[in-house]
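Encoded as structure tokens, the structure appears first; notes follow it.
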Amino acid sequence: MARPLRFRYAPGGWSPGRLRSEVLQPLDDNLGATMDGPWYRPPDGYDAVRFEMDNGDIALFAWTDGDEGPTGIESGPGGYWIGNTETPESLWRTEKYGFSEVPYPVSRWAERELLAQLRMESPWLAPYDHLAWFFLPVFLSKDGRESTRSFFIDHAAGFPDATADEALQHYESVLHTGALDDDREEMAGKLGTSEQVDLTRMTAAMGEFNVAKLLVDAGYAITPEIEVTTGHSIDFRADPRGSDGAGGVLVEVTRPLPPARRAASSATAAIRETAKTKTEGQLDAHAGGVVLLVDCSSFPASAWEPIMTEQPEVGHRPAVVFRLRPDGAATGYQMGSVPLSLAEVIEFAADTESTA
């Protein structure tokens with residue numbers, strides 16, 4: 001499976017002639033390809049071309065006689081390749097770099113080109129600028145371009161009883177906060193790049209975005225993927241704004257599937273079984289100090305109602321069990337002494353346990 005879009009950096013001198021012989025020719029032989037000028041002017045000091053393949057693949061190549069190079073590379077002449085097609089043999093032994101690891105002018109130019117391509121292919125993304133930019137590395141990936149977009153437009157990003165537009169607007173608002181921008185490539189990559197829609201994986205990934213929005217709206221600054229001494233990574237650290245890192249709370253997220261999509265016989269069994277995979281893994285290994293947030297946003301109202309009535313244990317305390325709708329409304333309950341103030345963003349059941 002191909003990974004999300006990344007650049008390949010090819011040090012050395014490049015020219016249109018070299019590109020025609022070492023890049024265009026093999027692409028044309030295998031797929032049918034053309035090499036033309038880019039849609040947008042390349043950055044000052046760079047030349048650029050755009051490759052379009054007969055099967056719909058695209059690729060970009062920008063080169064220069066000298067820049068600062070990618071992160072960790074000395075300055076000098078070189079070229080930057082990015083695309084969702086096969087890599088020509090002349091570029092096989094080149095190193096890969098993320099969007100934030102190449103010079104900003106190159107990254108920004110490539111994003112303009114690729115976003116224009118994405119909006120041309122999927123015009124329904126046009127109103128959702130931040131979402132399109134954030135998920136660009138998977139929306140135009142070699143293997144996952146169809147599946148990741150289908151997850152949003154055909155499956156409402158995992159929300160039951162919701163339209164695609166409602167789900168898209170919700171995640172546009174989540175990402176518009178900018179809280180996850182610095183971790184864009186890692187977070188976007190959690191959707192995966194499989195050719196088929198993997199509803200289990202993709203829906204679980206969006207649970208982290210739901211929790212991020214709740215924490216930000218509740219007034220916390222968030223940092224994703226916190227490595228702990230056990231060797232595990234915890235999904236978030238939530239710091240009260242202005243605390244300079246003091247009083248941070250570790251947060252792990254899990255998102256159970258509704259009973260209709262798993263072997264569990266009831267909604268309450270479904271959340272217990274899903275939470276068990278966390279409590280018998282990194283949460284046990286970490287020996288406490290982590291709040292478990294159980295995102296039941298995949299549950300239809302009919303499955304959520306008995307959960308709110310029974311308020312089942314999830315095998316870990318402190319924990320918050322909640323269901324979020326695309327309009328931002330959230331309901332839920334708490335177990336144990338939760339060191340997070342979430343009452344302004346989640347409507348807790350009247351008999352739920354109070355926070356610390």
Side-chain angles (χ1 to χ4, degrees), residues 1-5 84 118 121-122 124-125 128 131-132 134-175 180 185-214 224 235 252-278 281 292-304 307 314 321-327 330:
M1 183 192 306
R3 294 183 60 183
L5 278 178
N84 56 17
L118 178 62
E121 294 180 9
S122 298
W124 50 269
L125 278 168
Y128 309 107
L131 184 142
F134 194 94
F135 288 107
L136 179 64
V138 293
F139 280 168
L140 272 181
S141 61
K142 184 174 185 293
D143 293 336
R145 63 187 117 167
E146 300 293 340
S147 61
T148 52
R149 285 182 253 173
S150 174
F151 173 65
F152 280 90
I153 192 66
D154 298 323
H155 301 276
F159 280 114
D161 306 322
T163 67
D165 282 339
E166 289 170 339
L168 287 161
Q169 185 56 57
H170 167 70
Y171 287 113
E172 176 73 8
S173 70
V174 171
L175 297 169
L180 296 173
E185 291 177 70
E186 182 170 21
M187 294 297 292
K190 293 189 177 191
L191 272 185
T193 55
S194 62
E195 292 187 7
Q196 305 300 319
V197 176
D198 185 342
L199 282 176
T200 300
R201 172 177 177 158
M202 293 176 173
T203 303
M206 299 317 292
E208 294 186 31
F209 290 86
N210 292 340
V211 167
K213 182 64 160 59
L214 291 174
D235 290 327
E252 184 67 16
V253 182
T254 189
R255 185 165 180 173
L257 293 173
R261 285 173 42 198
R262 63 178 297 141
S265 58
S266 69
T268 55
I271 68 168
R272 287 195 190 101
E273 290 178 12
T274 301
K276 186 178 179 180
T277 65
K278 294 284 187 178
L292 178 64
L293 266 68
V294 183
D295 179 9
C296 296
S297 301
S298 298
F299 286 48
S302 58
W304 176 239
I307 293 174
V314 296
V321 182
F322 72 93
R323 178 178 183 257
L324 178 68
R325 296 298 295 153
D327 64 1

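Heads up: numbering here begins at 1 and tracks the sequence. None of the values given here were measured: they were computed from a predicted structure.
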Might you work through the side chain to side chain contact (heavy atoms under 4.5 Å, CB included) test for Arg149 and Trp124, ending with a clear yes or no?
CA-CA 10 Å; Arg149 285 182 253 173; Trp124 50 269; 3.9 Å; yes

Please report the C-alpha distance between Met202 and Ser147 in whole Å, then the side-chain angles of each, then the deciding distance to 0.1 Å, and finally whether the side chain to side chain contact (heavy atoms under 4.5 Å, CB included) criterion is met.
CA-CA 10 Å; Met202 293 176 173; Ser147 61; 3.9 Å; yes

Side chain to side chain contact (heavy atoms under 4.5 Å, CB included) between Leu175 and Phe209, worked out:
CA-CA 8 Å; Leu175 297 169; Phe209 290 86; 3.8 Å; yes

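Salt-bridge annotation for Arg145 and Glu121: absent, with no side-chain N of the basic residue lying under 4.0 Å from a carboxylate O of the acidic one.
Asp165 and Thr163 share no donor-acceptor pair across their side chains, judged by distance under 3.5 Å alone. Side chain to side chain, Ser298 and Arg255 meet the donor-acceptor criterion of an N or O pair below 3.5 Å.
Using a 4.5 Å heavy-atom threshold, the side chains of Pro4 and Val138 count as touching. Between Thr148 and Phe151, every side-chain heavy-atom pair lies at or beyond the 4.5 Å cut-off. By the 4.5 Å heavy-atom criterion applied to side chains, Asp295 and Phe322 are counted as neighbours.
Closest heavy-atom contact between Pro256 and Cys296: CG-SG, 4.0 Å. Pro326 and Ala167 make their closest contact through CB-N, 4.4 Å (heavy atoms, listed as atom of the first residue, atom of the second, distance). Counting all heavy atoms, side chain and backbone alike, Ala205 lies closest to Leu191 at CB-N, 4.3 Å. Counting all heavy atoms, side chain and backbone alike, Leu324 lies closest to Phe159 at O-CE2, 3.2 Å. Taking every heavy atom of both residues into account, Ser194 and Asp198 meet most closely at OG-CB, 4.2 Å. Heavy-atom minimum distance, Trp304 versus Arg323: CG-CD, 3.3 Å.
Going from atom OG of Ser150 over to atom NE2 of His155 covers 4.0 Å, rounded to the nearest 0.5 Å. In this structure, the separation between CG on Asn84 and OG1 on Thr193 is 12.0 Å, given to the nearest 0.5 Å. Of the inter-residue distances, the one linking Leu257 atom CG with Thr200 atom OG1 reads 4.5 Å to the nearest 0.5 angstrom. With rounding to the nearest 0.5 angstrom, the CD atom of Glu252 is 7.5 Å from the CD atom of Glu208. If you take CG on Asp235 and CG on Leu292, they are separated by 9.5 Å, rounding to the nearest 0.5 Å. To the nearest 0.5 angstrom, Arg201 atom CZ is 10.0 Å from Lys190 atom NZ.
Partners of Glu166 under the salt bridge (Lys or Arg N to Asp or Glu O under 4.0 Å) rule, at least two apart in sequence or in another chain, do not exist in this structure. With sequence neighbours left out, Phe139 forms a ring-ring contact (aromatic ring centres under 6.0 Å, His included) with Phe135, Phe152.
For Ser141 (side chain) and Gly144 (main-chain N/O), a donor-acceptor pair under 3.5 Å exists by modelled atom type.
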